[in-house]
Amino acid sequence: MKVLAITLWVLLFFILKNTKFVVCVGICRDNEQRALEILKKEVYDPSDILSSWVVGKDCCEWEGVVCHNLTRHVIDLSISIDWPDSRYLRINNLEWLTSLSSLQNLEIESVDLSKANEWLQVINMLPSLVDLRLYNCSLHHITPLLDHKKISSLKSLNLSGNYNFNSSVPKWVFNLPNLVSLDLSGCKFTGPFPDGPVNLTSLTTFKASRNSFNCCLPKWLFDLNNLEHLVLYRSGIEGAIQSKSGNITKLKYLDLSFNNINSTIPNWIYGCKDLESLFFGLNRLEGTVSSLISNLSSITIIDLSGNMLSGKLPNVIGKLGKLEQLDLSGNQFEGDISELFNVRSNFLSVGLRNTSLTFLRLDDNKLTGALPESVGQLSMLQHFSIFNNRLEGVVTESHFSKLTHLQSFYASRNNLTLKVSRNWTPPFQVTDIKIGSWNIGPLFPMWLRTQKQIAHVDISDGGIQGEVPTWFWNLSSQIQFLNLSHNQFVGEVPIISTPSWTDGHGGPWTMCLGSNNFSGPLPLISTIVTELDLSNNSFSKGLSNFLCEAKNGSYKLEILNLGGNDLSEEIPDCWMNWPELKVLILRDNNLIGSLPRSIEVFSNLLSLDLRRNRLNGPFPSSLEKCTKLNKIDLAENEFIGKLPSWLGMKFPTLIVLILRSNKFNGELPQELCHLKNLQILDLANNTFVGIIPRCIGNFSAMVKYDRILALFTSMDMSSNNISGDIPISLTRLVGLRSFNLSKNNLTGRIPNDIGDMKVLESVDLSENQLYGQIPQSFSSLTTLGYLNLSDNNLSGMIPLSTQLQSFDSTSFQGNKLCGVPLLVNCSSNHENIPNHEYEVDESDKDEVDWFYISMAIGFALSFWGVCGSLLFKRSWRHAYFRFLDRSWEMLLEKLPIC
């Protein structure tokens, strides 16, 4: 009995020793009580988060404090603010922690520890610490430890969310032999990882996403034979993944997405039979997906999106019976899409008809063929995306027969035809359906009426004719994204409303009704619509009713495109209720008058396009306060007068300035040269006089060029009365792709260094009074696609080059030139005419240093395949501007998706 009693007491001791209670018997130890009371007194706690910490009251009863029932030591301490709680708490030092000698678990979350510089030294004095979590605490300093054995008992270390470390990870972090979980996510650690050896023999979870290691995966990582979870997304991992797995065979969760990995998928990945989740998206993986992927019998999620993988779809994926999510989008897979769904793939074999697949993305590849009817057997499928492929054929009701759980279907930009009965009732209730560019019409798809939860609809470019049914306009009040563009709809558009439950919030609400035959007055819209495209229709009358009926406060509209209609009358002075506008397009209408003063409320305006109206008056002074403008297009109107000097001072981010075909006059203000980000300048067909400003070389964005991005830069001052010579500084714009100075009164010689402008695609200097020889450096312009030097006073021999001799003789006529392609042979006297260097104007000498001011912004106007010569042929000029407009839209922070 005595032995039994002793045994029971020993057992009870161990139970009590390892048991934690929020409230303990007795009070916590005096020194620990005093330590926590010191914290309570010193902490900056304006929100009274530690209200339960009452000085003089047993600290074991305080919220977040856990004491051991037998020893009365504080063993757990948690001070946290749950996200997104806006309350604030700051602790300036952690020295009080040294009194908590038995502390095992410490959690401090979303508390400001930015002034607690000694945090690591204090933690190193807690020998019993097992679990340390200092999440989102504004820590910014982590030092090496000469002796880290005192914290070698740590099993879990979480320093995630401290975005200010900006240093490498000290080596002691990777030498904690008892560590099971390590989380360094979101700390702005820099690389590389420390060299081995390391001591992480117990580690099962390693997370270090959202850092900047900028290195390959370290070799020691592949020797962590207990590792199960590895999360390194967006961490700057680059280079190849080593081909041998080492001992890393127990992986269950692997996330290396959002990095710069540029190898094939190593075969050892396919040998991780316990792997459940694989994320390799948004890297530069290449090659094919091996059939060995069928070995991943435990896999539930595969994400290989946004890479450069090619070949046929791996049809053996269908054998993965536990697979729930498959994302192969954004690659270069090709071949017939039916390969993934045929009988051999086992996706739809007898045992897998109730497959667990819920998420399937195959979009943005090069898949061909018809969509197989067997897709309709994926009964658990919720999200299905195949947009932007090369699919063709007919889609029928059978393709959806068992898709009862379908929530979203994205299949736009394929050549598919939808053939369903007029009274078809789909088995699904989707929120998103996007089948733009399908052949849907000519009748309106009545089955949309059955979709009660729908929020995003795209049936654009569907060959649909006639009026939009009234029931659909009623349904559209709940739709956040609606794209009916590029059809043949007629009739008037009623009020575009949004549901009452939004209460002025929610969104974005995007309505794309452009390129139809809608008519009548512009529809009134809800105040919370953010993007509206009514372009290229037949809307008529003025803007007054649309703009001035704002009875419910300010509108949230950011993008408004009313271009290409029959709108007339003056632009009303009612813009004060539309302060959020970023893009305003009123081009191709019949608007008259000047711009109203209320335009000045557009403090966020990025792009203004008023091209081809009948607007008049001086350059709009109301734009002076729209200082964020990146694009101004006032072309083909009736504006008059001189350009104001503030035009070059108020728009530091202006990229596109198009004022062609107006009645502007006077000299070009020198202040234009302050537009350092300008990449497209078009002042053609006005009556400007004077000289080209000598500071023209200050357009820094036209200095840098990049053959990969193919930035389009253009300058057109043709058809004016500009005189003087061509400034030498023009040749410093080595990123310029097109310039046109034709039909002016320019004199002097062509700058001899024009050959430095290596990416020029189009040059037009015709119908001026230029003299002298064609500079020999012209022969180095190998990208030149259009050249016109006709009707000047040029003389001498045309320089020999493959490029120049390929142009038609009309490019050189009306001069005193000789040589190919002209029929005039050069005499011996011609051949001996020296190619004189012209004298440098003193005013040009100071411009040289501006070459080095070249901070060009990334304005990605891809111009591949568009020859510069086409810009100056009338039939292609409109196509160019359409391209320019669309390219510009893609630059905006919020681009129109219509």
Side-chain angles (χ1 to χ4, degrees), residues 679 692 694 696-707 710-717 725-742 746-766 768 770-790 792-808 811-812 815-822 826 830-831 833-841 844-845 847-854 856 863 867-869 871-872:
Q679 291 184 203
I692 299 174
R694 296 297 189 213
I696 197 170
N698 292 9
F699 293 144
S700 304
M702 297 183 186
V703 172
K704 285 290 184 180
Y705 70 90
D706 190 323
R707 292 180 183 271
L711 306 182
F712 185 76
T713 50
S714 167
M715 182 184 297
D716 191 343
M717 298 184 185
D725 58 5
I726 300 174
I728 299 174
S729 56
L730 178 69
T731 63
R732 296 183 206 130
L733 305 180
V734 295
L736 198 62
R737 292 184 176 271
S738 168
F739 75 86
N740 186 350
L741 302 178
S742 66
L746 295 172
T747 58
R749 301 175 184 270
I750 299 174
N752 201 56
D753 293 334
I754 194 170
D756 293 342
M757 305 171 76
K758 300 295 186 183
V759 295
L760 272 176
E761 297 173 0
S762 177
V763 175
D764 192 342
L765 299 176
S766 63
N768 280 287
L770 300 171
Y771 58 83
Q773 291 190 317
I774 299 175
Q776 188 65 37
S777 63
F778 249 112
S779 59
S780 63
L781 299 179
T782 58
T783 60
L784 206 58
Y786 178 84
L787 176 65
N788 192 348
L789 303 178
S790 64
N792 280 283
N793 294 314
L794 300 172
S795 60
M797 185 176 69
I798 298 172
L800 294 175
S801 76
T802 304
Q803 207 74 10
L804 294 181
Q805 273 64 51
S806 67
F807 292 116
D808 190 84
S811 297
F812 304 97
N815 289 285
K816 299 176 183 179
L817 297 166
C818 64
V820 180
L822 297 176
C826 294
H830 280 116
E831 293 174 356
I833 294 176
N835 201 338
H836 295 289
E837 298 283 350
Y838 54 88
E839 296 181 1
V840 179
D841 190 295
D844 281 331
K845 288 182 178 179
E847 300 172 18
V848 176
D849 291 339
W850 285 104
F851 176 84
Y852 300 100
I853 304 176
S854 54
F863 203 63
C867 180
S869 62
L871 304 186
F872 301 95

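Remember, it's a predicted structure, so these values are computed and weren't measured experimentally. If you read the sequence from its start, that first residue is 1, and numbering goes on from there.
Under the 3.5 Å distance criterion, the side-chain polar atoms of N768 are left unmatched by any main-chain donor or acceptor of L770. Without hydrogens or angle criteria, S729 side chain to R694 main chain gives a donor-acceptor distance under 3.5 Å.
Summarising the geometry of M797 relative to Q773, their closest heavy-atom pair is N-NE2, 4.1 Å, with the distance given to 0.1 Å. Nearest heavy-atom pair across P751 and T731 is CB-CG2, 3.5 Å.
At least one side-chain heavy atom of M715 sits under 4.5 Å from a side-chain heavy atom of L730. Considering only heavy atoms from C-beta on, Y786 stays 4.5 Å or farther from V763 through its side chain. Side-chain contact between I726 and L765: present, with at least one pair of heavy atoms (C-beta onward) separated by less than 4.5 Å. Considering only heavy atoms from C-beta on, T713 stays 4.5 Å or farther from L733 through its side chain. R749 places a side-chain heavy atom less than 4.5 Å from the side chain of Y771. Contact check for I798 versus F778: no side-chain heavy atoms found under the 4.5 Å cut-off.
To the nearest 0.5 Å, atom CD1 of residue I728 and atom CZ of residue R732 are 7.5 Å apart. Atoms CD and OG1, on Q803 and T782 in that order, are 6.5 Å from each other to the nearest 0.5 Å. Taking CZ from F739 and OG from S762, the interatomic distance works out to 9.0 Å, rounded to the nearest 0.5 Å.
Taking S790 as the reference, N788 meet the side-chain hydrogen bond (donor to acceptor under 3.5 Å, both in side chains) condition, with sequence neighbours excluded. Residues meeting the side-chain contact (heavy atoms from CB on, under 4.5 Å) test with L800, sequence neighbours left out: Q805. Listed by chain and residue number, I696, M717, I722, P727, L741, L746 satisfy the side-chain contact (heavy atoms from CB on, under 4.5 Å) test with I692 (two or more places apart in sequence, or in another chain).
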